[in-house]
Amino acid sequence: MATAFLQCVDESCRRRFPLNASEYRCEACGSLLDVEYEMAAPDRAALLALWQQRKSSTGIEGQSGVWRFREMLPFIAAGRSVVTLAEGNTPLVEAARAGDWAGGVRLTVKHQGANPTGSFKDLGMTACVSQGAILGCGVVACASTGNTSASMSAYAVRAGMKALVFVPAGKITAAKLAQALEFGAMVIEVAGNFDQAFHLLRSFAKELNLYLVNSLNPFRLEGQKTIIFELLERRGWRVPDYIVVPGGNLGNVSAMGKGLCELRRHGFIDKLPRLVVTQAEGANPFCRMLSAGATELTPVADPQTEATAIRIGNPVNWKKALRSIRATDGLCESVSDAETFEAKAALAGDGIGCEPASATTVAGIRKLRKSGTIQAGADVVAILTGNQLKDPESSLLRRSAEELARQRVSVEADAGKLRAALERALK
Ligand code: F0G
């Protein structure tokens with residue numbers, strides 16, 4: 001039996017709180033909280049066999065790539081039901097051409113866009129909405145650049161909860177907005193950026209008794225850490241040299257670092273990959289902090305990037321992210337939007353589509369190869385966080401007029417004219 005509790009992330013504080021604490025901030029020092037456990041050391045061999053065996057079961061633990069590993073997130077007791085859409089189980093595929101383009105690395109991508117609502121958020125949402133159901137929450141809420149809101153709305157409606165979403169007006173893609181609306185959420189479009197929307201939402205959360213599912217919710221990160229279990233299991237527990245992930249509010253890198261450290265502590269792996277966070281040049285407070293060697297984050301007041309998912313200037317999880325970077329000897333790289341769209345095109349050459357934020361990973365790998373930080377032939381996994389169809393406008397608008405003219409041919413419904421057009425096109 002495991003005992004689960006919340007614990008302050010600050011090393012000099014480490015206060016503990018019960019799982020039903022009403023806020024996800026330490027009362028004493030204001031830092032964020034982790035979900036932690038007191039549990040007997042897991043029997044590695046038995047768990048590895050159990051996780052494999054579940055793959056062929058039709059129960060929740062067989063269907064969901066999160067709950068297949070439920071022994072590693074025992075804040076929900078064994079056997080207790082969860083709110084799930086069979087998330088996870090996402091592909092890990094080689095991207096040989098993109099790896100060459102990036103400067104000659106052995107590149108594989110873990111495509112989180114294959115999740116039920118099209119992004120990695122589903123891994124976290126199944127965990128935190130399940131906990132919300134246990135706590136008896138009526139209204140779940142988030143501020144979002146689009147993917148969190150799409151995911152939350154789906155899991156909330158499934159759990160019979162109301163969903164309230166704050167988004168920066170005009171700064172989320174139509175596809176993401178459509179998802180939240182279709183799942184029945186109330187969408188508040190705030191005339192400001194994500195950071196302002198998030199700040200406003202937090203100021204109302206207590207008064208309105210809202211259950212916040214932004215990544216300050218530590219249960220969400222418990223779900224997201226399972227990406228590491230799935231990835232390493234698929235690789236036969238062979239640890240890559242680097243795992244590269246885009247950073248916005250910095251929840252994902254925090255969750256991945258926690259997952260890696262837990263696996264090492266319990267003897268599943270004996271070394272750690274270096275975690276690399278990529279950010280857009282115009283929204284890169286974490287990269288700036290690391291390169292300045294600072295110990296506090298200075299927010300970017302007016303973040304700018306066409307990768308709207310990561311247009312965030314004041315990431316709430318920076319302390320946890322810093323812990324992940326320190327634990328894994330990790331690093332951060334910023335990339336321009338132009339570099340991001342080149343990387344997106346390189347991935348497309350392998351038949352792999354993703355949204356712009358996800359492509360910052362491959363753009364970052366290329367820069368780190370150029371600077372010699374990443375060696376030729378390195379074994380690198382990029383986490384593609386969102387589906388190509390989340391932002392089809394960017395795929396269209398970023399192609400040059402010449403490319404489009406070559407690829408798009410309009411003809412009248414006339415066989416002769418069509419033949420002439422095809423002869424030109426296939427020349
Ligand atoms: N990639 C995509 C596609 C995202 O949607 C996000 C964050 C990130 C990367 C960054 O992840 O915040 O954990 O560092 N999207 C949030 C949202 C902020 O509201 O959908 P992070």
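Keep in mind it's a predicted model, so treat the numbers as computed, not measured. Atoms within each ligand, like the ligands themselves, are counted from 1 in listed order.
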S.K.: For ligand 1, is there an N or O atom under 3.5 Å from any N or O atom of Lys176?
M.R.: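 So ligand 1 has no N or O lying under 3.5 Å from an N or O of Lys176.
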S.K.: Salt bridge between Glu339 and Lys370, side-chain N to carboxylate O under 4.0 Å?
M.R.: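 No, this pair does not count.
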S.K.: Hey, are the side chains of Val165 and Ser153 touching, using non-hydrogen atoms and a 4.5 Å cut-off?
M.R.: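 Yes, their side chains come closer than 4.5 Å.
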S.K.: Describe, in one word, how the ring planes of Trp237 and Phe268 are oriented to each other, choosing from parallel (under 30°), tilted (30 to 60°) and perpendicular (over 60°).
M.R.: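 Rings of Trp237 and Phe268: tilted, as their planes differ by 30° to 60°.
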S.K.: Which ligand 1 atoms, with their elements, are less than 4.0 angstrom from a heavy-atom of Ser144?
M.R.: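 Counting from 1, the qualifying ligand atoms are 17 (C), 19 (O), 20 (O).
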S.K.: Students should be able to answer this: which protein heavy-atom is nearest to atom 12 (O) of ligand 1, and at what distance?
M.R.: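 Going atom by atom, the protein heavy atom closest to atom 12 (O) of ligand 1 ends up being Asn249 N, 2.7 Å.
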S.K.: Considering Val277, Val165, Leu384, Ile310, which one's heavy-atom position lies nearest to atom 8 (C) of ligand 1?
M.R.: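 The nearest heavy atom belongs to Ile310.
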S.K.: If you take the nearest heavy atom of each of Thr145, Val316, Thr278, Leu250, which one is closest to atom 21 (P) of ligand 1?
M.R.: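 Looking at heavy atoms only, Leu250 sits closest to atom 21 (P) of ligand 1.
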S.K.: Quick one: does any side-chain atom of Asn217 pair with a main-chain N or O of Leu212 as donor and acceptor, under 3.5 Å?
M.R.: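 It does hold such a pair.
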S.K.: Contact between Ile312 and ligand 1, counting heavy atoms under 4.0 Å?
M.R.: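 In this structure, Ile312 qualifies as a contact of ligand 1 - some heavy atom is under 4.0 Å.
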S.K.: At under 4.0 Å between heavy atoms, which part of Asn214 makes contact with ligand 1: side chain, backbone, both or neither?
M.R.: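 The answer is neither.
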S.K.: Evaluating non-hydrogen atoms only, which member of Gly248, Pro315, Ala309, Ala359 is closest to atom 14 (O) of ligand 1?
M.R.: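 Residue with the shortest heavy-atom distance to the ligand atom: Gly248.
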S.K.: Would you mind running through ligand 1 and noting each atom that sits below 4.0 Å from a heavy atom of Thr148?
M.R.: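 Atoms satisfying the 4.0 Å criterion: 16 (C), 17 (C), 19 (O), 20 (O).
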S.K.: Give yes or no for whether the N/O distance cutoff of 3.5 Å, strictly under, is met between Gly251 and ligand 1.
M.R.: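 Between Gly251 and ligand 1 (N or O atoms, distance only) the closest approach is under 3.5 Å.
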S.K.: Pair Cys287, Cys332 - check disulfide (SG to SG under 2.5 Å), show working.
M.R.: CA-CA 5 Å; Cys287 290; Cys332 189; 2.1 Å; yes
S.K.: How far is atom 1 (N) of ligand 1 from its nearest protein heavy atom, and which residue and atom name does that atom have?
M.R.: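 Checked against all protein heavy atoms, atom 1 (N) of ligand 1 sits closest to Thr385 OG1, 2.7 Å.
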S.K.: Between Ser358 and Thr385, do the side chains contain an N or O donor and an N or O acceptor separated by less than 3.5 Å?
M.R.: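 A pair is found: one side chain offers a donor N or O, the other an acceptor, under 3.5 Å apart.
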S.K.: For Asn147, take its heavy atoms, then give the atoms of ligand 1 lying under 4.0 Å from any of them.
M.R.: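 The list of qualifying atoms is 2 (C), 3 (C), 4 (C), 5 (O), 20 (O).
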S.K.: For Thr226 and Glu87: C-alpha separation, side-chain torsions, deciding distance, then whether side-chain contact (heavy atoms from CB on, under 4.5 Å) applies.
M.R.: CA-CA 11 Å; Thr226 63; Glu87 50 289 315; over 6 Å; no
S.K.: Is there a donor-acceptor contact under 3.5 Å from the side chain of Asn214 to the main chain of Cys142?
M.R.: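 Side chain of Asn214 to backbone of Cys142: no pair is present.
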S.K.: For ligand 1, is there an N or O atom under 3.5 Å from any N or O atom of Ser149?
M.R.: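 Among all N and O atoms of Ser149, none is under 3.5 Å from an N or O of ligand 1.
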S.K.: In the protein, which heavy atom is nearest to atom 13 (O) of ligand 1, and how far is it?
M.R.: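 So the nearest neighbour among protein heavy atoms is Asn252 N, 2.8 Å.
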S.K.: Which residue and non-hydrogen atom of the protein lie closest to atom 15 (N) of ligand 1, and at what distance in Å?
M.R.: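 Answer for atom 15 (N) of ligand 1: Lys121 NZ, 2.8 Å.
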S.K.: Under the side-chain contact (heavy atoms from CB on, under 4.5 Å) criterion, do Trp101 and Glu342 qualify, and how do the steps go?
M.R.: CA-CA 10 Å; Trp101 176 86; Glu342 274 182 56; 3.7 Å; yes
S.K.: Starting from the C-alpha separation in whole Å, work towards a yes-or-no answer on side-chain contact (heavy atoms from CB on, under 4.5 Å) for Gln131 and Arg220.
M.R.: CA-CA 9 Å; Gln131 174 65 10; Arg220 217 183 97 186; over 6 Å; no
S.K.: Counting only heavy atoms not in Gln304 (residues, nucleotides, ligands), do more than 12 fall under 6.0 Å from its CD?
M.R.: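 Correct, the count exceeds 12.
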S.K.: Roughly how far apart are Leu250 CG and Leu297 CG, rounded to 0.5 Å?
M.R.: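 Those atoms lie 8.0 Å apart.
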S.K.: Could you tell me if Lys171 and Thr145 have a donor-acceptor pair between their side chains, going purely by distance under 3.5 Å?
M.R.: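 The criterion, which ignores hydrogens and geometry beyond distance, is not satisfied for Lys171 and Thr145.
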S.K.: Yes or no: does Ser215 have any heavy atom under 4.0 Å from an atom of ligand 1?
M.R.: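 The answer is no, since Ser215 has no heavy atom less than 4.0 Å from ligand 1.
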S.K.: Can you find an N/O atom of Ser358 closer than 3.5 Å to an N/O atom of ligand 1?
M.R.: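 N/O-N/O distance below 3.5 Å does not exist for this pair.
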S.K.: Can you list the ligand 1 atoms lying under 4.0 Å from a non-hydrogen atom of Gly247?
M.R.: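 Near Gly247, meaning under 4.0 Å from one of its heavy atoms, ligand 1 has 14 (O).
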S.K.: Is ligand 1 under 4.0 Å from a heavy atom in the side chain of Asn317, in the backbone, in both, or in neither?
M.R.: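 The answer is neither; Asn317 stays 4.0 Å or more away.
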S.K.: Give yes if a backbone or side-chain nitrogen or oxygen of Glu355 is under 3.5 Å from a nitrogen or oxygen of ligand 1, and no if not.
M.R.: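 It does not: no N or O of Glu355 is found under 3.5 Å from an N or O of ligand 1.
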S.K.: May I ask you to identify the nearest protein heavy atom to atom 11 (O) of ligand 1, giving residue, atom name and distance to one decimal place in Å?
M.R.: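 Its nearest protein heavy-atom neighbour is Phe120 CZ, 3.4 Å.
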